[in-house]
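Data block below; observations after.
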Amino acid sequence: MSRTVSADSPDGRVSGSFAPPVYGNDNGHTIELLDVHKSFGGGAPVLNGVTAGFTDNAITTVLGPSGTGKSVLLKHIVGLLEPDAGQVRVFGQDIWQVSKEERYDLRKRFGVLFQDGALFGSMNLYDNVAFPLRKHTRKSESEIREIVMAHLKEVGLEQATDKAPSEISGGMRKRAGFARALVMRPDVVLFDEPDSGLDPVRTKLLCQLIAEVHREHGGTYIVITHDIASAHTLSDYIGLLWQGKLVHYGAAEGAFASDDPFVRQFLSGDAAGPLGMD
Ligand SMILES: Nc1ncnc2c1ncn2[C@@H]1O[C@H](COP(=O)(O)OP(=O)(O)OP(=O)(O)O)[C@@H](O)[C@H]1O
């Protein structure tokens with residue numbers, strides 16, 4: 001089923017092929033948001049009725065202008081923020097209707113790459129990547145070593161195990177954060193602006209690495225960014241977030257070929273079109 005709403009109806013604009021979430025765990029959407037609303041301190045809503053079913057085993061990029069609520073959306077998916085209204089369903093469960101312990105267990109099935117890699121400054125890269133395994137599993141140090149080194153190798157950091165985060169570049173920190181996000185073999189990996197602070201070449205290399213690792217391991221990847229080039233490199237599906245709503249969700253080829261004025265303007269970075277400065 002698809003829904004199309006005219007691009008000039010900002011309150012309900014949804015264009016392209018949009019898969020509405022269906023309750024349950026076997027509909028191809030491990031992550032579902034249903035009419036999610038969020039505002040802070042009585043201010044204007046940041047999320048104003050976001051409905052989305054993110055396609056399993058694919059890379060979905062959520063694009064949107066700066067300050068539009070992409071990081072807030074990501075924090076709802078991982079259960080770090082609770083919606084004012086609506087539901088966030090993960091593996092078929094409303095994450096705010098389960099116990100704290102169950103929510104914690106659900107979160108263990110997520111890997112998250114935060115903007116700066118979110119590494120512990122006091123630990124070297126090896127210990128940073130080993131951290132989730134030491135905290136959440138009973139694996140022996142030799143098992144941990146095997147897993148950590150495999151993932152550090154995968155992201156090209158096997159020679160940098162002893163480095164502190166402050167001794168390496170931003171791109172290396174992100175790759176180390178990516179390795180750490182993968183060690184628990186997550187079903188879902190979330191990326192908060194993996195391209196932030198990187199030059200175009202390193203952005204492209206990181207995006208290619210993310211796509212390669214996804215091809216190798218599978219899983220549901222959701223990437224938050226406002227970088228169109230990253231979306232080009234990575235996306236199987238594209239969601240566009242604007243004015244508190246997901247205004248488009250569909251296959252990447254369709255989005256890049258779309259003649260919807262909003263989608264076209266956003267994905268071409270054109271100044272002329274329905275998207276203004278607000
Ligand atoms: N904990 C919070 N308390 C109050 N306001 C918040 C909080 N978190 C986010 N906001 C506000 O929500 C809005 C959306 O922020 P968010 O970081 O999600 O935007 P974004 O789309 O990720 O932006 P960018 O692309 O620039 O990183 C901003 O106005 C921000 O100030």
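Being a predicted model, the structure only gives us computed values, none of them experimental. We count ligands from 1, going down the list as the structure has it; atoms in each ligand are counted the same way.
The ring pair (Phe, Tyr, Trp, His ring centres under 6.0 Å) check on H232 picks up F256, with sequence neighbours excluded.
Within the structure, every pair that satisfies the salt bridge (charged side-chain N to carboxylate O under 4.0 Å, His left out) test and touches residues 74-84, not counting sequence neighbours, is listed here: K38-D84. Among residue pairs with one or both ends in residues 93-112, those qualifying as salt bridge (charged side-chain N to carboxylate O under 4.0 Å, His left out) are D105-K108, R109-D187; sequence neighbours excluded.
The aromatic rings of H217 and H151 sit tilted relative to each other, their planes meeting at an angle between 30° and 60°.
Checked against the 6.0 Å centroid threshold, Y237 and F54 do not count as a close aromatic pair.
Listed by chain and number, F40, V46, P65, S66, G67, T68, G69, K70, S71, V72, E193, H226 each place a non-hydrogen atom less than 4.0 angstrom from ligand 1.
A cation-pi arrangement is absent between R173 and F178 under the rule of less than 6.0 angstrom and at most 45 degrees off the ring axis.
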